[in-house]
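Sequence lines set the chain letters: A, B, ... in the order given, protein chains first and strands last, and positions in each chain run from 1.
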Amino acid sequence: MEYNFSDIEKRWQEAWEKEGVYTVSNESDKPHFYVLDMFPYPSGAGLHVGHPLGYIASDIYSRYKRLKGFNVLHPMGFDSYGLPAEQYAIQTGQHPEKTTFENIDRYISQLRKIGFCYDWNREVRTCDPKFYKWTQWAFIQMFNSYFDPKTQKAQPISKLIAEWEANDPKWATLSEREQQERLMNYRIAYLADTKVNWCPELGTVLANDEVSEGLSVRGGFPVEQRVMRQWCLRVSAYANRLLEGLDRLDWTDSLKETQRNWIGRSEGAEMKFLVKTQKSKVESDELSMTIFTTRADTIYGVTFMVLAPESEYVQKVVTDEQREEVEAYLKRCKNRTERERIADRRVTGVFTGSYAINPLTQGEIPIYISDYVLAGYGTGAIMAVPAHDSRDYAFARHFNLPIIPLIEGADVSEESFDAKEGKMINSGFLNGMEVKDAIQAMKEYITNTGIGRVKVNYRLRDAIFSRQRYWGEPFPVYYKDGMPYTLPEEELPLLLPEVEEFKGVNGQPPLGNAKDWTYNGYPLELCTMPGFAGSSAYYLRYMDPHNDQALVSKQANEYWRQVDLYLGGSEHATGHLIYSRFWNKFLYDLGYVCEDEPFRKLINQGMIQGRSSFVYRYVGEGATGNLYISYNLIENPEYKDKVQPIHVSINIVNNDVLDINAFRAWMPQFKNAEFVFADGTSSELTGYTAGAKQFICGCAVEKMSKTFFNVVNPDDIVEQFGADTLRLYEMFLGPLEMSKPWDTNGIDGVHRFLKRLWNLYENIEDLEPTKDELRSLHKLIKKITWDIENFSFNTSIPAFMIAQNELTALKCHKRAILEQFAVLMAPYAPHIAEEMWHRCGNTSFVVNEEWPECNEAYLVEDTQKYPVQFNGKVRFTIECPKDTPKEEVEKLVLANEDTAKYLAGNAVKKIIVVPGRIVNIVMG
RNA sequence: GCGGCAUUGGCGGAAUUGGUAGACGCGCCAGACUUAGGAUCUGGUUCCUCACGGAGUGAAAGUUCGAGUCUUUUAUGCCGCACCA
């Protein structure tokens, strides 16, 4: 009987759905396990074969865990707020909800065809009011909380108010507005004037992780710096906990390292420098500036100070003579976009006219302003040590400032010496110390003398949480006397209003276009929340998706606790995975969730790139623009550098051979195309007939994209080969975590395997399995179990193939063997596994079966033991295959004399041997 | 610049605890069957050599009875961060 995959797959998908075999209950005696995929943004292009890679891997793991007796939560949903749908809406006037829902429908139909074991009853969509109610709810909690630095935990802000009422007499004298303003400095969700990444093209601000090299990640539009009043989340308060929490997570080192980098902890010291200006005489603290440094030991080499242009110190220290020059410089900095600043790293700066006093040497040091110092990090002011910092060095060279070497033997005539090693010189009481010790000594010195204090700085900034966009969660916030207040929780969800026009007008965000956007007559917030708002707690919602009383009930949360296995791309390392951890820790502090970290184990699947094909158009002398050269010839002198590669649809290329007729029909400009074939003959001369000559295309690995004509749609693969073949082949491509190009060419091999496997399930017999058959099966059980537990899915497919080959060679059609084979296949290829299980005479679903146990006893090969004489005495025993002749063993020992000597001197229990070689030594 | 990961046939990649390097698949070669097909099956396929034999996991050194695997140095590629003081 033929392997009719489309019939099998359709039948079983319908049966699973009808019987609800993948519906998950929160009440179960079984141990729980939560497997989650990062939910997708439903883009208009639909899924390509790269998307399901991680989904297949997590599905295999889920199905395996189920067979192992776990109650497995494995849901899917959609991150459905976002810029592309809104950009499309602005262009076409279509409501983003309409296009979003259409895209979701398409995604669901594509996903269903691949046979995932999702519990679709638990699907969530971030743009669904029932869902974003809880996004808004979380925001209100953040607004009403502050971060207590003593306990390192979020607390209700009422506690802070009570404390002030009791201990701070000034509090009661403040007006309501003043009180609100003071509280705003503590709230975890707060409104502040901050320097933001403003993207004029998108008409919105962006978070740091949404900007790369001065361009927006979405769209690639220029981004400029601007000060705006924005909602922010006090993520930086959690910097230390986010850093320390990493140690307890089962994530890859590279991902942890990326997060550590992003959090950017650095230990150093803050130091106070008094400032001498035209107005002050330095006696008082009145004019001083605080700087942050990790190299307090280099203070004897400070030859100038530098302020960031935006530093609050600037206006205090600038002298009248320098004012004009300084203002000109500040203006120039302000007008530079982030991108220009990054692109142009020439040294610029201006002298303020004032001097700082070195607290150790009492020397006067000039204060400069330069944009190489960042306002957002440390205190926005630095002490410059040109001898030992390359940036200070460049500045000193440009402005001809002195450079004092502080480390013995350091040559600073050409460049700075940045390394933290060597003996200190020119450094007063630090002279002779190693750098490491000097840093420590200096820290103690400044603490004791009160010049400064030890300080830990983090690079992680607060997240800017406002977006001047339409397609996002509205803030549950209204304004009274210009101060924000949150809506009562029972008013949630605050529904996204309808608007006529999706683009903002008159500098107002799009919600400004909504009619009657007020609460009790007070204006509501016009901004919406960013994309990461909805994706920061969605994994909690899956635990209890229909609850309208809470984000997640206590019982549901305490049953599932946290995501046991999370799969997704590494591109979310500094965005989603930081925000989610922050969000979760916040909810944990307030007692809404029972785990401090959301994702226990995390795996990044690699990206699947496209494999583009090219034809080469002849553009040399006498070119008609109509002649194409086979790839194998383009390096020939007559064509070299005279051809132009043109992307060609991979649908008309098979194994790098172009389908000539399909190419001519593909686009009008290729209608009269002529070719020089692989053998050097030309189509004009020979008169082309299909199949007679080969035209070879070039190829390249690129992003999968419509513009490269290299997109492969999983639907097409499913139709041609079936979902099981797709699943197996995606895993077979290579290690899960590695990036790799998609190449449909190899898929036949996997498909052939399924067809051959299918043949084993004819004429099933109820005979007792032989030893060889049992060995094949148990080898397979051992291998597949190990593979799944170690996420080494790619190596399972060869194991299945080998087992299939062995069983075919043994002509094995025995029920006892084939039943278990079906169960082993179930995680990888669930449809054919169900059918195989069924053909063995079972009526149950394979998903309800038990994972087979490996019996090691079946794996032992027949061996025999030889005592080996060495130096005349019996020294050890060699165990080798039964038919190995004794002379062979003796010859072997002599041939491996060094090894034998070593063995004789050690307590060796067993040696496994194959002809000619000792291969495995078991120590006693 | 800092950090992480990788490098094995024509190609994707195996080698799980240091123990037969190249599993399995693609491609290619030969053969069988055949209604000539992009079907199926069988055998071969790391390189050099007619062969015997030798070499071999980016390069160099080291540890070990034994190294693709461990250590050091180095080269190349990919990814992340980056005037972060």
Side-chain angles (χ1 to χ4, degrees), chain A residues 212-213 252-262 264-266 268 291-296 298 306 308 341-342 345 347 370-374 376-385 388-392 394-395 418 457-461 570-571 573-574 604 606-607 611 654-657 659 691 699 728-729 732-735 737-753 755-756 782-783 786-787 789-790 792 794-802 805 896-906 908 911-923:
Chain A
S212 174
E213 300 195 6
T252 60
D253 289 339
S254 79
L255 189 62
K256 284 188 189 180
E257 209 45 46
T258 303
Q259 289 219 340
R260 286 195 190 106
N261 241 320
W262 189 258
R265 179 190 154 99
S266 79
I291 58 94
F292 175 76
T293 181
T294 54
R295 294 293 302 273
T298 59
V306 188
R341 208 177 68 84
I342 290 164
R345 290 202 174 177
V347 177
S370 175
D371 66 0
Y372 86 81
V373 174
L374 304 177
Y377 185 76
T379 60
I382 62 153
M383 63 179 211
V385 186
H388 301 291
D389 182 290
S390 56
R391 295 152 301 178
D392 298 345
F395 194 86
D418 291 17
N457 240 319
Y458 295 95
R459 206 178 62 89
L460 183 70
R461 319 270 167 92
S570 57
E571 67 272 19
T574 53
N604 292 127
M607 206 112 79
R611 188 176 182 279
N654 195 344
N655 284 335
D656 292 336
V657 177
D659 181 332
C699 69
L728 286 172
Y729 187 59
F732 184 58
L733 275 177
E737 310 197 48
M738 247 193 297
S739 285
K740 56 228 159 198
W742 177 269
D743 183 355
T744 308
N745 287 335
I747 201 167
D748 286 322
V750 169
H751 191 62
R752 270 197 285 268
F753 153 68
K755 283 201 267 190
R756 283 196 295 253
K782 191 178 179 187
K783 171 80 178 135
W786 191 94
D787 280 348
E789 273 169 5
N790 293 280
S792 175
N794 55 321
T795 58
S796 283
I797 286 85
F800 283 128
M801 291 175 175
I802 292 165
N805 255 327
N896 295 278
E897 202 185 328
D898 284 343
T899 303
K901 271 184 198 159
Y902 167 78
L903 296 176
N906 290 278
V908 173
I911 303 164
I912 311 284
V913 162
V914 297
R917 204 98 181 222
I918 293 174
V919 297
N920 196 11
I921 295 163
V922 182
M923 303 298 283

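- Rounded to a whole angstrom, the distance from the P atom of B:G53 to that of B:G13 is 35 Å.
- Each of A:Thr294 and A:Leu255 lies near RNA chain B, and the nucleotide nearest A:Leu255 is the one positioned closer to the 5' end.
- To the nearest angstrom, P of B:G27 lies 13 Å from CD1 of A:Ile747.
- Across all strands shown, B:U74 forms a Watson-Crick or G-U wobble pair with B:G58, both key distances being under 3.5 Å.
- When the C1' atom is used for both B:G9 and B:U73, the distance is 28 Å, rounded to whole Å.
- For A:Arg752, there are no salt bridge (charged side-chain N to carboxylate O under 4.0 Å, His left out) partners, not counting sequence neighbours.
- Rounded to whole Å, atom P of B:G38 lies 15 Å from atom CG of A:Asn745.
- On the P atoms, B:G66 is 32 Å away from B:C11, given to the nearest whole Å.
- Nucleotide B:G9 has no partner under the Watson-Crick or G-U criteria, as no pair reaches both atom distances under 3.5 Å.
- Nucleotide B:C81 holds its C1' atom 13 Å from the CZ atom of A:Arg461, rounded to whole Å.
- Shown here are the side-chain hydrogen bond (donor to acceptor under 3.5 Å, both in side chains) partners of A:Arg295, two or more places apart in sequence or in another chain: A:Asp297.
- A:Arg459 has a side-chain polar atom (N or O) that falls below the 4.0 Å cut-off from OP1 or OP2 of B:A82.
- Comparing B:C41 with B:G80, their P atoms sit 44 Å apart, to the nearest whole Å.
- For B:G9, the glycosidic angle deviates from 0 by 90° or less, giving a syn base.
- Judged by distance alone, the side chain of A:Asn457 and the main-chain N or O of A:Gly268 form no donor-acceptor pair under 3.5 Å.
- A gap of 28 Å separates the C1' atoms of B:G27 and B:U35, to the nearest Å.
- When Watson-Crick and G-U wobble pairs are counted only if both distances are under 3.5 Å, B:C2 pairs with B:G80.
- Between A:Tyr372 and B:A85, a side-chain N or O to OP1/OP2 separation shorter than 4.0 Å is absent.
- When the P atom of B:C81 is taken as reference, atom OH of A:Tyr458 falls 21 Å away, rounded to whole Å.
- The separation between A:Asn261 atom CG and B:C81 atom P is 9 Å, rounded to whole Å.
- B:G12 and B:C83 have their C1' atoms separated by 42 Å, given to the nearest Å.
- We find that CG of A:Asn457 is positioned 8 Å from P of B:A85, with the value rounded to whole Å.
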Inset, instruction - Please report the C-alpha distance between A:Leu728 and A:His751 in whole Å, then the side-chain angles of each, then the deciding distance to 0.1 Å, and finally whether the side chain to side chain contact (heavy atoms under 4.5 Å, CB included) criterion is met. - result: CA-CA 9 Å; A:Leu728 286 172; A:His751 191 62; over 6 Å; no
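- Put simply, A:Ser266 has a side-chain N or O that comes within less than 4.0 Å of OP1 or OP2 on B:A85.
- Distances shown here put a side-chain N or O of A:Arg752 below 4.0 Å from the OP1 or OP2 atom of B:U40.
- With A:Arg459 contributing its side chain and A:Asn261 its backbone, the two residues share a donor-acceptor pair below 3.5 Å.
- For the C1' atoms, the distance from B:A23 to B:U16 is 13 Å, rounded to whole Å.
- Of all nucleotides present, none satisfies the Watson-Crick or G-U wobble test against B:C52 with each distance under 3.5 Å.
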Could you go over nucleotides 12-16 of chain B and give all protein N or O partners under 3.5 Å, atom names and distances?
| unit_1 | atom_1 | unit_2 | atom_2 | d |
| --- | --- | --- | --- | --- |
| B:G12 | O2' | A:Leu733 | O | 2.8 |
| B:A14 | OP1 | A:Asn794 | ND2 | 2.8 |
| B:U16 | O2 | A:Trp786 | NE1 | 2.7 |
| B:U16 | O4 | A:Lys783 | NZ | 2.1 |

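- Pair assignment for B:U34 gives none, since no Watson-Crick or G-U wobble pairing has each distance under 3.5 Å.
- The CZ atom of A:Phe753 sits 14 Å away from the P atom of B:C24 (whole-angstrom rounding).
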Inset, instruction - Apply side chain to side chain contact (heavy atoms under 4.5 Å, CB included) to the pair A:Val385 and A:Thr293, showing each step before the final yes or no. - result: CA-CA 10 Å; A:Val385 186; A:Thr293 181; over 6 Å; no
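- The nearest pair of heavy atoms linking A:Pro735 to A:Asn794 is N-ND2, 3.6 Å.
- A:Phe732 meets the ring pair (Phe, Tyr, Trp, His ring centres under 6.0 Å) test with no other residue; sequence neighbours excluded.
- Taking the salt bridge (charged side-chain N to carboxylate O under 4.0 Å, His left out) definition, one finds that A:Lys782 meets it with A:Glu856, sequence neighbours left out.
- A:Ile802 places its CD1 atom 13 Å from the C1' atom of B:G22, with the value rounded to the nearest Å.
- B:A39 is unpaired under the Watson-Crick or G-U wobble criterion, no partner having all donor-acceptor distances under 3.5 Å.
- With sequence neighbours excluded, the residues forming a ring pair (Phe, Tyr, Trp, His ring centres under 6.0 Å) with A:Phe395 are A:Phe304, A:Tyr368, A:Tyr372, A:Phe399, listed by chain and number.
- Comparing the C1' positions of B:A67 and B:U76 gives an interatomic distance of 22 Å, to the nearest angstrom.
- The phosphate of B:U40 (OP1 or OP2) has no side-chain N or O of A:Arg756 nearer than 4.0 angstrom.
- Across all strands shown, A:Ile291 has no heavy atoms under 4.0 Å from either base or sugar-phosphate atoms.
- Along RNA chain B, the nucleotide nearest A:Thr293 and the nucleotide nearest A:Met801 are compared for position; the residue whose nucleotide lies closer to the 5' end is A:Met801.
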